[in-house]
Structures are given as structure tokens and as C-alpha cells.
Amino acid sequence: MKAPQAPRGTQDILPHEQPYWDLVRSIAAGVAADYGFQRIDTPMFEETGVFERGVGEGTDIVEKEMYTFEDKGGASITLRAEGTAPVVRAYLEHGMFKLPQPVKLYYVCPIFRYERPQAGRFRQHHQFGVEALGEIDPALDAEVIELLWTLYARLDLKELSLQINSIGDEKCRPRYLDELRSYYRAHLHEVCDDDRVRFEKNPLRLLDCKVPSCQGIADRAPHSAEFLCDECREHFAGLRHGLELRGLDYHVNFRLVRGLDYYTKTVFEIWPAHGGSQSTIGGGGRYDGLAEQLGGRRTPGIGFGTGIERIILNYKQAHPEGLAPPAPDVFVIALGSAERDAAAQIATELRRAGVATASTYGDRGMGAQFKAAGNSGARFALILGPDELASGQASLKDLRSAATDGKQLAVPLSHVVAEVKAQLAS
RNA sequence: GUGGUCGUAGCUCAAUCGGCAGAGCUCUGGAUUGUGGCUCCAGCGGUUGUGGGUUCAAAUCCCAUCGACCACCCCA
């Protein structure tokens, strides 16, 4: 029988990788708390309509990337394909519009999309995201972007750039799309085949075509920011003012559009300087029409999602020295059967006192036990042999440096826990 | 979903024209029946991703399939 493999595009997060995950999750939770965001967990799956209506029927996510199945009751279920729509669904379902606004929520969760995997792109990946609902002030947009930037800064990620744009709203975007279409209509004979499809289906996407021969045409296309209505223009100015107030450098990128239908006004992405074609590390925007799309009352919102796998990728590039896995405080070494029994009792006492304690198992030689102690990364070895037991003592040895090599402290068995705690604190 | 590159031990990689599947690291034991890191010795570890085909003979050539990676599509 063939041994099974993890399904395509999924991966096991092994113990040596966990320190990176712990670090990112704890810093993310800390930043969220500093900005007044509270955690929410939504189900791993939703009624399919949450994504169809929320994200948009014409988007790639809905059209070809959802893990959708029928459950035994006949309901159409979809694995969480995106973070924002479920949070907005929960906001409406639980009447959070009755709470003081804005409601500021964050999540850390897996996302599932049926895509062709590459480095930094998976069928199951994880996102940290925030959503601030019920407020239209562009200062909130700036604060959300600042939050994301702060997360990366606390992780000391290098060479990131903030790209922003405004794609207008229901009132002014149609006018811009007409303008964009008429511009492209004159160039249809010289653009790529994909662009001709985009022209019909989703003209905004014309702007981020990567075919070299289409670049010049996209560069000279009309800018959405020049066709904004008064409200959107003021909002965009407010956003830029807010970013400047906060000392955040940004590039207005008029070719920045995003693949989800619900965005209005503000859109933004954060890019690493280097990286492949799917290197965007985080992105988001404003979605003032989403709640209504989902059948609720009109509620403005702004948020982002950032990929934890991609953050870790960038973190490792910025910190080549890596993160050490957690190590025990004390490694207990015992020689002889009675000594192993005594060592087991001491280990129990140490652990009760909150001291991380490890040992080998079975009847292993002193050399092997010291080798295991060294490999474990333990700070101290606590040695319990016939000599020690006979005198009611244990030997405590600092394993970290050669400087203390050879020196061992004799500690009465009754004082081992107190002495170890004192040594660890020093 | 499209096009391409690549799969040999847990990891990094060798293997000449198609001719006995190897090394380093890791791990285990020993040198040292009470002291880790350094050194030396030995051992464990393989259906060469999987399945088929060609051949006296396949890691090597052919087909399929699974997976990783790269460029698209698109995203985090």
C-alpha cells in the first residue's frame, strides 16, 4: 500500500517551524490589541452564498477556486475562501450594528482556495486579518493600514512598499469604467487575448495585465482617481493626509486594483522589494457595499488580510539566523535503577514548579545521556548517580558555555527545585 | 485551468555511454561500565516518488500518474 501524502497545496507545520508561527501570531495579537481590535473566530465553512454574494459571482475565487460541496442535508457548503465576508456575515447575524461603532475585529484562520500551488501559494493558507465596521472616516482607513505596517515593522521585515489607490464607489466607478473602456476600445487590436476578455468581463483588471506589450497601453490609461465623485475624492485625500500624519510612505499606484468585487474607495497592498509573481504579503481595502450585498443594512467597512506563510517567508529572509526551537530548562541524567526512580520524582517536582524538564528513557549510558542533554538545548544538566544518591545530593551543571565546563554544583536533594529556579533566574 | 523545469536515505547531493545504488550531515552504539559539543570507529537507514513499457541489463531511455518548483491566470 502506498503511504499517503498531504494533499496537494497543503503542508504540515512541523515542530521546527512552530516558533515562527507562534511569533507571528503573538505579535499580530499584540498589534491588534494595541489598535483596539478584538478577536473573532468564524466557522471554517459557510453557506456558499456568503462568498457568492459577498465576493462576487464573476471573481476568480468564486468562479474557480472554491472548495464547495453538498452536505448530507443538501446544503451547499464552502470552505472559507476569504476572510472578510464571513466576518461581515457574523456582524450582521449578531446585530453588532447595535454596538458602539466602529466594531473592530481581527482573525487568524486558515483559508482554502483551489489553486495551482507555488512557493508562497497554497490551497490551504493562513491569514491574519482585521475588519473595522460601521465607520466611513478615512482616518480609520489610515489607522488600519498603519496597523498592518506596524505588524511588519515589529517583525522587522525589510524593504516593503505600500501601494494605495482609490477605485471609487457605485456612484462614480461606472463613469470611470466607461472612460476606461472607451480608451481601451481604441487599443483592442494591440492588446493580448486575456485583455480582450477582461475588456468585456472586468475592465478594471486591464490595468494589472503583466504582458510586456500591454504595459505601455495600461500606463497611459485614464486613472480612476481622476474620475472620483466629490465624496470619494475627499475620502482619498483624507486617506493620504492620514498616512502622512502617521509618517507612512506610500505610492499612489493607479494600476492597483483588486480581484474581489466588494471593494470601494480605498484599496491597498504591501509588496516586498523582491519576490516572485505572487509576492504580495498583505492587502485590503474599503467595502462599503458588502453588508448590503449580503442582505443586511448598509454598513461601511475597511480591512485587510495578510498571509502568514508569506510573512514567515519574508521574516526568514530578514532574519537568516533563524529562531531556536524551545528547549528544556533542565535535563535530568540518572545512572542506575534507583537513581532513575529518584530522578523521576525530582522531574515531577521541577515540572510542578514550572521548570521545563527533560530526560532520556531506558537504560542509557552517561555519555549518551549527556549527548541527549546537549542536543536538547537544555540550560542545565541535573546529574543523579550512585555517588550523589549516597550523599543525598544531585550535581547541577551549566551546559551552555565552555567557561563553566567541569564545574558542578552539589545540591542537597531537598533543595534541588529552589536551587534550579535560582540558577535559572540568574 | 495553460506552458515549462525537476523528483536517488530523515536532510544536502554523487553515480562516466544503459552495466554491483554511494558519500556527507543527522540518528544509534562504541573508543570513555560517571560527563555533551571536538576527534576516531562501527551500525541503522533505499521497491531511485508511483505504475507500466523498451532492453540480456534501467536511477539513467519511453509513456502515464502523483508531487515540488518556475512563468501565467489570480491572490495572501
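Quick note on labels: first sequence line is chain A, next is B, and so on, each numbered from 1.
A salt bridge does not link A:Asp156 to A:Arg154: none of the charged nitrogens lies less than 4.0 Å from a carboxylate oxygen. Salt bridge status for A:Glu131 with A:Lys104: absent, with no side-chain N to carboxylate O gap under 4.0 Å. A salt bridge is absent between A:Arg196 and A:Asp194; no separation between the charged side-chain nitrogens and carboxylate oxygens falls under 4.0 Å. With respect to A:Glu63 and A:Lys201, a salt bridge is recorded, a charged nitrogen being found less than 4.0 Å from a carboxylate O. Ion pairing between a basic and an acidic side chain is recognised when a charged N comes within 4.0 Å of a carboxylate O; A:Asp60 and A:Arg113 show no such pairing.
Between the P atom of B:rG1 and the NZ atom of A:Lys64 lies a distance of 10 Å, rounded to the nearest Å. Distance, A:Asp261 CG to B:rC74 P: 13 Å, rounded to whole Å. In this entry the distance linking CZ of A:Arg364 with C1' of B:rC27 reads 10 Å, nearest Å. Rounded to whole angstrom, the span from the CD atom of A:Glu269 across to the P atom of B:rA76 amounts to 7 Å. When the C1' atom of B:rC72 is taken as reference, atom CG of A:Asp194 falls 8 Å away, rounded to whole Å. As a whole-Å value, the separation of A:Ile312 CD1 from B:rA76 C1' is 13 Å. Rounded to whole angstrom, the span from the CZ atom of A:Phe268 across to the C1' atom of B:rA76 amounts to 12 Å. With rounding to whole Å, A:Glu339 atom CD is found 15 Å from B:rU35 atom P.
Residue A:Leu335 has its side chain nearest to B:rG34 when only B:rA76, B:rC66, B:rG34 are considered. The A:Pro386 side chain lies nearest to B:rG34 when the options are B:rU35, B:rG67, B:rG34. Nearest to the side chain of A:Leu399, among B:rG36, B:rG1, B:rA76, sits B:rG36. Across B:rC66, B:rU35, B:rC74, the shortest atom-to-atom separation from the side chain of A:Asp60 is found for B:rC74.
Comparing B:rG19 with B:rC62, their P atoms sit 15 Å apart, to the nearest whole Å. Of the P atoms belonging to B:rU47 and B:rC11, the separation is 13 Å, rounded to the nearest Å. Here the separation of B:rA57 from B:rC17, taken at their C1' atoms, is 14 Å to the nearest Å. Separating the C1' atom of B:rU8 from that of B:rU50 is a span of 14 Å, rounded to the nearest Å. For B:rA21 and B:rU16, the P atoms lie 13 Å apart once the distance is rounded to whole Å. The separation of B:rA59 from B:rA14, taken at their C1' atoms, amounts to 12 Å, rounded to a whole angstrom. Annotation: B:rG10 and B:rU28 have their C1' atoms spaced 14 Å apart (nearest Å). Look at the C1' atom in both B:rC69 and B:rU60: the space between them is 22 Å, to the nearest Å.
For A:Arg116 and B:rA68, the shortest distance from a side-chain N or O to OP1 or OP2 is not below 4.0 Å. A:Arg198 has a side-chain polar atom (N or O) that falls below the 4.0 Å cut-off from OP1 or OP2 of B:rC74. The side chain of A:Arg8 contributes an N or O atom lying less than 4.0 Å from OP1 or OP2 of B:rA68. Proximity of A:Asn314 to the phosphate of B:rA76: no side-chain N or O atom is located under 4.0 Å from OP1 or OP2. Side-chain nitrogen and oxygen atoms of A:Gln118 include at least one within less than 4.0 Å of the OP1 or OP2 phosphate oxygen of B:rA71.
Checked by distance alone, A:Glu115 brings no side-chain donor or acceptor within 3.5 Å of a matching partner on the base of B:rG1. If you check distances only, the side chain of A:Gln408 does reach the base of B:rU35 with a donor-acceptor pair under 3.5 Å. Side-chain to base pairing of A:Arg400 with B:rG36: no donor and acceptor N or O lie closer than 3.5 Å to each other. A:Lys371 contributes no side-chain N or O that forms a donor-acceptor pair with the base of B:rU35 under 3.5 Å.
Here A:Phe122 lies in heavy-atom contact (under 4.0 Å) with a base. Residue A:Ala368 is in sugar-phosphate contact alone, with no base atom involved, counting any heavy-atom pair closer than 4.0 Å across all strands shown. As judged by a 4.0 angstrom heavy-atom cut-off over every strand, A:Arg258 is placed among residues touching the sugar-phosphate backbone only. If you check every strand for non-hydrogen atoms under 4.0 Å, A:Glu388 touches a base. Residue contacts for A:Gly282: at a heavy-atom cut-off of 4.0 Å it reaches the sugar-phosphate backbone alone, with no base atom in range. Among the atoms of the strands shown, base atoms are found under 4.0 Å from some heavy atom of A:Asp387. Here A:Ile333 lies out of heavy-atom contact (under 4.0 Å) with every strand.
A:Ser161 and A:Gln163 share a donor-acceptor pair across their side chains, judged by distance under 3.5 Å alone. There is no side-chain donor-acceptor pair under 3.5 Å between A:Glu349 and A:Gln345. Judged purely by distance below 3.5 Å, without hydrogens or angles, the side chains of A:Thr84 and A:Glu82 pair a donor atom with an acceptor atom.
In this structure A:Asp249 satisfies the side-chain hydrogen bond (donor to acceptor under 3.5 Å, both in side chains) test with no other residue, sequence neighbours excluded.
For B:rC40, the paired nucleotide is B:rG30, the pair qualifying as Watson-Crick or G-U wobble because both relevant distances are below 3.5 Å. Pairing of B:rA59, defined by two Watson-Crick or G-U wobble distances under 3.5 Å, is not identified with any nucleotide. Pairing for B:rG1 goes to B:rC72, judged as Watson-Crick or G-U wobble with the two contacts each under 3.5 Å. If you check B:rA64 for Watson-Crick or wobble pairing at under 3.5 angstrom, you find it paired to B:rU50. The partner of B:rU35, taking Watson-Crick or G-U wobble pairs whose two distances both stay under 3.5 Å, does not exist in any strand shown.
Each of A:Met366 and A:Glu309 was matched to the nucleotide of RNA chain B holding its nearest heavy atom; the match closer to the 5' end belongs to A:Met366. Along RNA chain B, the nucleotide closest to A:Val211 and the one closest to A:Gly9 are compared, and the more 5′ of them pairs with A:Gly9.
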